[in-house]
Amino acid sequence: MPELPEVETIRRGLLPIVGHTIVGCDVRRRDVVRDRTNGSPNPRRGSIEPSALGVGSVVDELVRLGKQLGIVVRDPCGQERVIVVQLGMSGQVSLVDSARIPDAKHVHLVWALDDARRVCFRDARRFGGVTLLGSRSDLDGFWAPLGPDALEITAGQLRDGLGTSTRAIKAALLDQGVIAGVGNIYADEALHHAAINPCERCSDLRTDQIRALAKAIRGVLREAINARGSTLRDYRDPSNEPGEAQLMHRVYARAGLACLSCGHVIEQCRIAQRSTCWCPVCQPINR
DNA sequence: CGACCCCTGCGC
DNA sequence: GCGCAGGGGTCG
């Protein structure tokens with residue numbers, strides 16, 4: 001579900017918890033947690049240390065790279081830990097006050113704050129989860145495989161990430177190692193804005209097209225954040241409010257409809273196992 | 001690289 | 001019932 005704009009909207013919606021102490025964590029489904037606080041490469045078996053979940057710590061900072069959210073916490077000894085949240089397709093994070101009982105289905109984790117509010121992690125499909133890191137510096141290593149954050153990607157970074165690959169540009173945009181934060185919706189939208197065919201080989205893109213694409217990615221994501229993310233079905237911000245960025249989609253999920261720019265019928269195909277929509281007139285293959 | 005799998009829910 | 005869905009890891 002969530003791509004960069006949705007995760008950034010969640011990050012902003014959670015900012016009110018900064019400075020508050022986590023007093024408890026109810027782990028309702030253990031298998032959504034990957035505990036790496038013991039330094040071993042593989043998730044540890046057995047019970048999860050409450051401290052690894054942030055219990056007894058103050059929330060210091062909320063950071064984001066691409067589609068991942070990092071909740072940085074600090075315990076009374078000054079030890080920093082990070083709870084990395086990945087939402088997968090159906091993940092949600094909500095901030096509820098004490099009166100609300102988080103009894104919805106598929107709520108897997110519930111953190112209790114010192115002021116009785118709760119932070120809930122919900123994920124029906126369980127493609128998402130949280131990873132517990134033992135120190136702030138571990139976050140750099142954990143995020144090392146990710147490419148530059150899509151919100152601020154430069155044309156040079158995008159060119160370097162695409163390299164001389166012959167795969168379709170759409171597939172490359174979905175590769176978080178090339179650029180972090182673009183998913184199926186905003187890949188299609190950015191390609192349409194940049195007038196690039198999603199099947200175009202990366203190696204066939206001209207420099208001016210890569211420049212246009214980097215700009216389109218930044219612009220599409222910025223506007224989507226301003227609209228507080230796209231709600232197709234599940235997505236809600238931490239206050240349970242839907243976003244409105246779906247109203248701005250120009251090609252995504254519009255196969256068979258008229259292009260909003262030129263009126264031609266929007267086509268659909270599959271690239272990298274994901275449905276892909278584009279306008280054959282606005283987005284011609286290079287010749 | 002692409003193919004396949006993970007999982008639940010929803011619309012047809 | 002079946003196919004599809006905003007993600008991503010692993011395999012060959």
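Below, all heavy atoms of this structure are taken into account, side chains as well, without hydrogens, waters or symmetry copies. Order of the sequence lines fixes the chain letters, A, B, ..., with proteins taken first and strands second; residue numbering starts at 1 for each chain.
Residue Arg233(A) places none of its side-chain N or O atoms closer than 4.0 Å to OP1 or OP2 of dA5(C). Checking the phosphate oxygens (OP1, OP2) of dA5(C), a side-chain nitrogen or oxygen of Ser275(A) falls inside 4.0 Å. For the pair Arg274(A) and dG6(C), the criterion of a side-chain N or O lying under 4.0 Å from OP1 or OP2 is met. Here Tyr252(A) reaches the OP1 or OP2 of dG6(C): one of its side-chain N or O atoms lies under 4.0 Å away. Contact check, Lys67(A) against dG6(C): no side-chain N or O comes under 4.0 Å of OP1 or OP2.
When the P atom of dG8(C) is taken as reference, atom CG of Leu173(A) falls 14 Å away, rounded to whole Å. For Glu3(A) and dG8(C), the CD to C1' distance is 13 Å, given to the nearest whole Å. If you take CG of Asp234(A) and P of dG7(C), they are 12 Å apart, rounded to a whole angstrom. The CG atom of Leu232(A) sits 13 Å away from the C1' atom of dC4(C) (whole-angstrom rounding). As a whole-Å value, the separation of Arg254(A) CZ from dG6(C) C1' is 18 Å. Regarding Gln68(A), its CD atom lies at a distance of 7 Å from the P atom of dG8(C), rounded to whole Å. Computed from coordinates, the Arg270(A) CZ to dG7(C) P distance equals 12 Å when rounded to whole Å. Nucleotide dG7(C) holds its P atom 16 Å from the CG atom of Leu69(A), rounded to whole Å.
Residue Ile285(A) is found outside any hydrophobic cluster, as its side-chain heavy atoms come under 4.5 Å of no other Ile, Leu, Val, Met, Phe, Trp or Tyr. Summarising the hydrophobic clusters (Ile, Leu, Val, Met, Phe, Trp, Tyr; side-chain heavy atoms under 4.5 Å, direct or chained), the residues clustered with Leu174(A) are none.
Within residues 213-229 of chain A, no residue has any heavy atom closer than 4.0 Å to DNA chain B. Contact check of residues 125-145 of chain A against DNA chain C (heavy atom, cut-off under 4.0 Å) returns Arg125(A), Phe127(A).
Residue pairs meeting the salt bridge (Lys or Arg N to Asp or Glu O under 4.0 Å) criterion with at least one member in residues 156-167 of chain A, sequence neighbours excluded: Arg167(A)-Asp175(A). Pairs engaging residues 129-155 of chain A under the salt bridge (Lys or Arg N to Asp or Glu O under 4.0 Å) rule: Glu61(A)-Arg136(A), Arg64(A)-Asp149(A) [sequence neighbours left out]. Applying the ring-ring contact (aromatic ring centres under 6.0 Å, His included) rule to pairs touching residues 122-161 of chain A yields nothing, sequence neighbours excluded. Listed by first then second residue, pairs satisfying salt bridge (Lys or Arg N to Asp or Glu O under 4.0 Å) with a partner in residues 182-204 of chain A read Lys170(A)-Asp188(A), not counting sequence neighbours.
Gln273(A) comes within 4.0 angstrom of a base, heavy atoms only.
Looking only at distances, a side-chain donor or acceptor of Gln176(A) sits under 3.5 Å from a matching main-chain atom of Val182(A).
Listed by first residue number, the stems of DNA chain B with at least three Watson-Crick or G-U pairs below 3.5 Å are B:1-6 with C:7-12, B:8-12 with C:1-5.
The shortest non-hydrogen separation linking Pro145(A) to Gly141(A) is CD-O, 3.7 Å.
With a cutoff of under 4.0 Å to any heavy atom of chain A, the contacted region of DNA chain B is bounded 5' to 3' by dC1(B) to dC10(B).
Annotation: ring pair (Phe, Tyr, Trp, His ring centres under 6.0 Å) contacts of His249(A) (sequence neighbours excluded): Tyr252(A).
Between the side chains of Gln246(A) and Arg233(A), no donor N or O sits under 3.5 Å from an acceptor N or O. Between the side chains of Arg122(A) and Gln92(A), at least one donor-acceptor pair of N or O atoms lies under 3.5 Å. Side-chain contact of Ser90(A) with Asp123(A): a donor-acceptor pair under 3.5 Å is present, judged by distance alone. Counting only N and O atoms by type, the side chains of Arg126(A) and His106(A) include no donor and acceptor under 3.5 Å apart.
For the P atoms, the distance linking dA3(B) with dC4(C) amounts to 15 Å, nearest Å.
Transitive grouping of hydrophobic side chains (ILVMFWY, heavy atoms separated by less than 4.5 Å) brings Val59(A) and Phe121(A) into a common cluster.
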Cut-off 3.5 Å, no hydrogens considered: what does the side-chain donor-acceptor table look like for residues 255-274 of chain A, sequence neighbours left out?
| unit_1 | atom_1 | unit_2 | atom_2 | d |
| --- | --- | --- | --- | --- |
| Ser261(A) | OG | Arg250(A) | NH2 | 3.1 |
| Arg270(A) | NH2 | Gln273(A) | O | 2.6 |

